[in-house]
Asker: 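Would you mind keeping the following structure in view while I ask a few things?
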Amino acid sequence: MPKDMLNLHDFTRDDLEEILLRAAYFKKKDGKLFSSLQTKTIAISFWEPSTRTRLSFELAVRKLGGKIISFNPGISSEGKGENIKDTVKTLASLGADALIFRHRIPGFFQRIAQSTGMSLISGGEGCYQHPTQALLDIFTLQEKGIDFTGITVVMVGDILHSRVARSHFYVLPLFGAKLILVAPPVLLPPALVPAGVERSYHLENVLPAGDVIYFLRVQRERQEKGLLPSLGEYAVLYGLNEKRLTLLKENALLMHPGPMNIGIEISSRALKRLESSCPQRTLFREQVQNGVYVRMAVLDLLVAGRVV
Ligand code: CP
């Protein structure tokens with residue numbers, strides 16, 4: 001296994017299968033406390049907001065018996081002018097064996113990966129990648145009995161700004177799935193679409209093809225001024241509403257990495273109807289729950305056995 005998880009391209013299908021198998025083991029043994037990180041100190045440092053990723057990484061470290069150094073950039077010496085490079089050196093000096101991070105600007109951690117003994121594990125980097133999110137999505141689908149060969153995943157939303165999409169560009173085809181991207185043209189420039197992946201600007205045209213419909217959050221915080229003229233218009237053209245529910249395959253599964261903008265990506269009425277009539281088809285809660293086991297597996301395989 002590589003020392004770091006900054007993107008999924010560094011991992012072969014066998015590596016990823018091993019992580020998924022380990023995650024399944026941890027889920028099966030849920031409630032048991034493990035000790036594989038007993039001698040390890042894990043720094044968790046998120047320079048961008050997070051609820052699911054950060055908390056599930058924290059829980060994963062605790063379930064494996066590790067110690068956490070929690071670094072909060074908002075109340076750190078960065079406020080006194082210390083730069084990120086020195087912050088990382090400080091965390092290493094404090095004895096951290098791994099650093100789990102989220103940062104707005106991608107690339108810094110890739111540059112220091114060779115020179116630090118710490119495992120660097122991404123919890124999402126700007127618009128670059130979100131490796132553990134894509135892995136937990138794969139895990140959640142495998143758990144539902146999905147055989148990826150021959151299935152179609154329709155991914156709809158803010159592709160331009162999505163690190164989740166960029167991790168899936170690699171991993172979904174690697175597992176054999178066909179990927180169709182759909183978004184307004186401003187959020188889906190042709191240059192972004194990898195070879196072998198299809199694109200569409202019309203949700204109605206592609207919804208009936210999807211075995212899995214994966215909604216991406218419209219990242220209001222990353223929209224440059226004027227890029228998306230109106231969220232209301234987005235919801236009308238690309239949101240899942242009650243009428244569009246009728247276009248879905250009978251057993252199509254619905255996923256969203258969260259947090260969800262209800263009323264934009266999915267209307268509250270469509271969501272209520274799905275949750276009352278076919279809750280087994282909405283995987284949002286399972287995605288969050290499975291994040292803990294997948295992150296346990298990543299820490300166990302990348303950090304636990306490594307001598308720094
Ligand atoms: N899916 C995801 O990354 O959620 P958070 O931003 O809450 O971590």
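We count residues from 1, following the sequence as given. Ligands are counted one by one from 1 in listed order, and the atoms in each one are counted from 1 as well.
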Asker: Say whether Arg54, considering both its backbone and side-chain N or O atoms, lies within less than 3.5 Å of an N or O atom on ligand 1.
Answerer: no

Asker: If you count the atoms of ligand 1 from 1 in the order shown, which ones are under 4.0 Å from a heavy atom of Thr53?
Answerer: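 The atoms of ligand 1 under 4.0 Å from a heavy atom of Thr53 are 2 (C), 3 (O), 4 (O), 5 (P), 8 (O).
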
Asker: Would you say Gln114 has more than 12 foreign heavy atoms packed within less than 6.0 Å of its CD?
Answerer: no

Asker: Applying the side-chain contact (heavy atoms from CB on, under 4.5 Å) test to Ile151, which of Leu172, Leu253, Val212 qualifies?
Answerer: Val212

Asker: Tell me which protein heavy atom sits closest to atom 1 (N) of ligand 1, plus the residue, atom name and distance to 0.1 Å.
Answerer: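 Checking every protein heavy atom, the shortest distance to atom 1 (N) of ligand 1 gives Pro257 O, 2.9 Å.
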
Asker: Have a look at Val154 and tell me which of Ile213, Leu181, Asp211 forms a side-chain contact (heavy atoms from CB on, under 4.5 Å) with it.
Answerer: Ile213

Asker: Which ligand 1 atoms does Thr51 reach within 4.0 Å, using its non-hydrogen atoms?
Answerer: 5 (P), 7 (O), 8 (O)

Asker: Please confirm whether Phe101 and Phe109 have ring centers closer than 6.0 angstrom.
Answerer: yes

Asker: What residue and heavy atom of the protein are closest to atom 6 (O) of ligand 1, and at what distance?
Answerer: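 Ranked first by proximity to atom 6 (O) of ligand 1 is Arg102 NH1, 2.9 Å.
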
Asker: Does Arg13, at its CZ atom, have more than 12 non-hydrogen atoms belonging to other residues, nucleotides or ligands within less than 6.0 Å?
Answerer: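 Atom CZ in Arg13 is crowded, with more than 12 foreign heavy atoms closer than 6.0 Å.
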
Asker: What are the atoms of ligand 1, with element, lying closer than 4.0 Å to any heavy atom of Gly258?
Answerer: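 It comes down to these atoms of ligand 1: 1 (N), 2 (C), 4 (O).
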
Asker: Contact between ligand 1 and His130 is defined here as a heavy atom of the residue under 4.0 Å from a ligand atom; is it met?
Answerer: yes

Asker: How far is atom 7 (O) of ligand 1 from its nearest protein heavy atom, and which residue and atom name does that atom have?
Answerer: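 Residue, atom and distance for the closest contact: Arg52 NH1, 2.7 Å.
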
Asker: Please determine whether the number of non-hydrogen atoms from other residues, nucleotides or ligands lying under 6.0 Å from atom CD of Gln38 exceeds 12.
Answerer: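 Counting other residues, nucleotides and ligands, CD of Gln38 stays at 12 neighbours or fewer.
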
